[in-house]
Amino acid sequence: MIDNENINYVTGTIYSYSFLCMRKVWLSYHNLSFETENELVQIGKFIDENTYSNQKHNFMIDGKVNIDFLKNNVVHEIKKSDKEKQMAINQIKYYLFILKQYGFDNIKGELNIPSKRYKEEVILEEGDDKNILEHLELINKIIKSNDIPETINIRACKKCAYYEFCYI
Ligand code: SF4
């Protein structure tokens with residue numbers, strides 16, 4: 001169990017954003033959300049709502065971290081394409097890390113990309129706990145600051161829900 005009371009858990013989605021853009025982390029954490037207007041996010045939500053819909057088992061941890069799909073001791077994360085594969089793996093590892101903090105250490109993860117008929121098992125490996133904790137500390141530093149991180153101006157910005165907010 002993390003014994004640092006100053007650490008705030010963030011949602012898995014925000015955790016995964018941190019591997020792309022800390023500005024997005026800050027904006028999402030502070031609820032500056034334009035996600036409902038973004039077509040790509042809508043497609044993601046459609047897939048999420050319509051794939052495996054009869055198998056969904058939501059799991060809320062400590063009122064803070066919501067796992068969409070936990071079944072038979074496997075955390076599933078469903079993505080629309082393999083572009084976000086590493087981010088999704090990081091997100092699943094984060095869920096496994098949080099579950100471990102609460103004593104659930106026999107749980108595995110699985111990344112599912114239905115459009116590619118792809119699945120991959122994800123487990124916590126040596127060093128992951130330390131890396132995740134350090135990353136969580138970094139995220140905490142960002143979200144507790146009053147300063148919004150700078151724009152990063154990368155290709156992915158054009159597909160980001162915050163594009164208009166950041167650049168127009
Ligand atoms: S548009 Fe780019 S800079 Fe702005 S939040 Fe998204 S990824 Fe970050």
Side-chain angles (χ1 to χ4, degrees), residues 2 4 6-51 58-69 75-98 109-116 118-120 122 124-125 127-168:
I2 295 175
N4 186 343
N6 296 321
I7 290 280
N8 288 0
Y9 289 138
V10 292
T11 66
T13 306
I14 291 179
Y15 182 82
S16 76
Y17 289 165
S18 69
F19 294 91
L20 178 72
C21 174
M22 284 300 186
R23 182 177 171 89
K24 191 166 183 172
V25 167
W26 194 98
L27 292 168
S28 301
Y29 184 80
H30 293 285
N31 283 325
L32 294 176
S33 176
F34 306 100
E35 293 204 323
T36 49
E37 293 165 17
N38 184 290
E39 194 187 340
L40 287 169
V41 174
Q42 283 179 3
I43 293 168
K45 282 192 177 143
F46 178 83
I47 290 172
D48 186 48
E49 282 160 15
N50 292 282
T51 311
N58 274 69
F59 192 85
M60 177 68 84
I61 306 168
D62 206 16
K64 293 170 193 154
V65 180
N66 188 22
I67 295 175
D68 271 353
F69 187 172
V75 173
H76 294 264
E77 185 61 31
I78 303 157
K79 293 294 176 194
K80 61 181 182 295
S81 78
D82 52 9
K83 278 190 196 149
E84 305 160 343
K85 203 164 132 192
Q86 191 52 51
M87 280 170 71
I89 290 169
N90 293 337
Q91 186 172 346
I92 295 167
K93 287 194 178 206
Y94 175 63
Y95 289 143
L96 298 178
F97 169 81
I98 302 278
E110 189 175 293
L111 168 63
N112 299 95
I113 307 173
S115 62
K116 304 265 177 202
Y118 178 85
K119 69 175 178 181
E120 176 178 337
V122 181
L124 281 178
E125 291 162 288
D128 279 342
D129 284 358
K130 185 173 168 283
N131 291 340
I132 292 168
L133 185 54
E134 282 173 5
H135 203 71
L136 198 51
E137 283 169 348
L138 180 62
I139 291 170
N140 268 254
K141 222 174 178 178
I142 298 288
I143 59 180
K144 287 175 184 171
S145 166
N146 289 329
D147 300 324
I148 310 180
E150 294 293 320
T151 55
I152 56 170
N153 213 351
I154 58 168
R155 229 165 132 189
C157 288
K158 291 208 167 127
K159 291 183 177 173
C160 174
Y162 295 105
Y163 180 75
E164 291 189 12
F165 177 79
C166 290
Y167 297 108
I168 295 177

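Each ligand, and each atom within it, is numbered from 1 in the order the structure gives.
Of the heavy atoms in Phe165, none comes closer than 4.0 Å to ligand 1. Counting heavy atoms closer than 4.0 Å to ligand 1, residue Cys157 contributes atoms from both its backbone and its side chain.
Taken from NZ in Lys93 to CG in Asp129, the straight-line distance is 10.0 Å, to the nearest 0.5 Å. The distance from atom CD1 of Ile113 to atom CD of Glu77, rounded to the nearest 0.5 Å, is 10.5 Å. The CG atom of Asn90 sits 8.0 Å away from the CD1 atom of Ile132 when rounded to the nearest 0.5 Å. Of the inter-residue distances, the one linking Tyr29 atom OH with Ile139 atom CD1 reads 11.0 Å to the nearest 0.5 angstrom.
Shown here is Glu150, whose CD atom has no more than 12 heavy atoms of other residues, nucleotides or ligands within 6.0 Å.
The protein heavy atom nearest to atom 6 (Fe) of ligand 1 is Cys160 SG, 2.4 Å. Distance from atom 3 (S) of ligand 1 to its nearest protein heavy atom, with residue and atom name: Ile152 N, 3.4 Å. Here the protein heavy atom with the shortest distance to atom 4 (Fe) of ligand 1 is Cys166 SG, 2.4 Å.
Each of the atoms 5 (S) of ligand 1 lies under 4.0 Å from some heavy atom of Lys24. Shown in contact with Tyr162 at under 4.0 Å from a heavy atom are these atoms of ligand 1, numbered in order with element: 5 (S). Within the listing of ligand 1, atoms 1 (S), 2 (Fe), 3 (S) sit less than 4.0 angstrom from a heavy atom of Tyr167.
Salt bridge present: Lys130 and Glu134 bring a charged side-chain N and a carboxylate O closer than 4.0 Å.
Note on Cys21: not counted as a metal contact of atom 6 (Fe) of ligand 1, no N/O/S atom lying under 2.8 Å.
Screening His76, Glu120, Lys79, Lys119 for a side-chain hydrogen bond (donor to acceptor under 3.5 Å, both in side chains) involving Asn112 leaves a single residue, His76.
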